[in-house]
Amino acid sequence: MNEARPETTRSAADSVVDAVRGLFHEGFNRRVIVRDSKDDVVLDVPLAVGMVAALAAPVATTIGAGAALVGKCGIKIENRESQAAPPAVVDAE
């Protein structure tokens with residue numbers, strides 16, 4: 001009976017580790033974008049960088065996310081690979 005518990009725990013931990021690895025590899029194609037109430041971009045970073053920051057400083061990440069939500073900012077995760085954005089037009093005067 002004691003032998004079944006470590007196997008279950010190990011397989012659950014392995015699945016979590018595999019999920020995190022998959023997200024990290026996809027993280028450079030996905031971006032975390034924080035916009036304020038006027039729809040201006042406040043923060044735009046790759047998801048992998050956000051994950052590293054969340055693991056390195058979880059308290060600061062939680063406080064920042066809470067402040068963004070209280071300040072009526074929108075937090076969005078975009079997949080840059082699937083979006084075919086038109087080229088940026090620079091207006092030079």
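For the numbers below, each heavy atom of this structure counts, side chains included, while hydrogens, waters and symmetry mates do not. Small disclaimer: the values here were computed from a predicted structure and weren't measured.
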### Query
Which atom names give the shortest non-hydrogen contact between Cys73 and Asp36, and what distance separates them?
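What the structure gives for the nearest pair is SG-CA, 3.8 Å.
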Which heavy atom of Thr61 sits nearest a heavy atom of Ala53, and at what distance?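 Smallest interatomic distance, heavy atoms only, reads OG1-O, 3.4 Å.
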query = According to a 4.5 Å side-chain heavy-atom criterion applied to Ile, Leu, Val, Met, Phe, Trp and Tyr, with indirect links allowed, do Leu43 and Ile63 form part of one hydrophobic cluster?
reply =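 Leu43 and Ile63: separate clusters.
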Under the side-chain contact (heavy atoms from CB on, under 4.5 Å) test against Leu47, which residue among Val52, Val32, Asn79 passes?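 It is Val32, the one option of Val52, Val32, Asn79 that forms the side-chain contact (heavy atoms from CB on, under 4.5 Å) with Leu47.
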Would you say the side-chain atoms of Arg35 pair up with the backbone N or O of Gly74, donor to acceptor, closer than 3.5 Å?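 Checking the backbone N and O of Gly74 against the side chain of Arg35, no donor-acceptor pair under 3.5 Å is found.
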- Message: Return the CD1 to CD1 distance between Ile33 and Ile75, rounded to the nearest 0.5 Å.
- Response: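 Here the rounded value is 12.0 Å.
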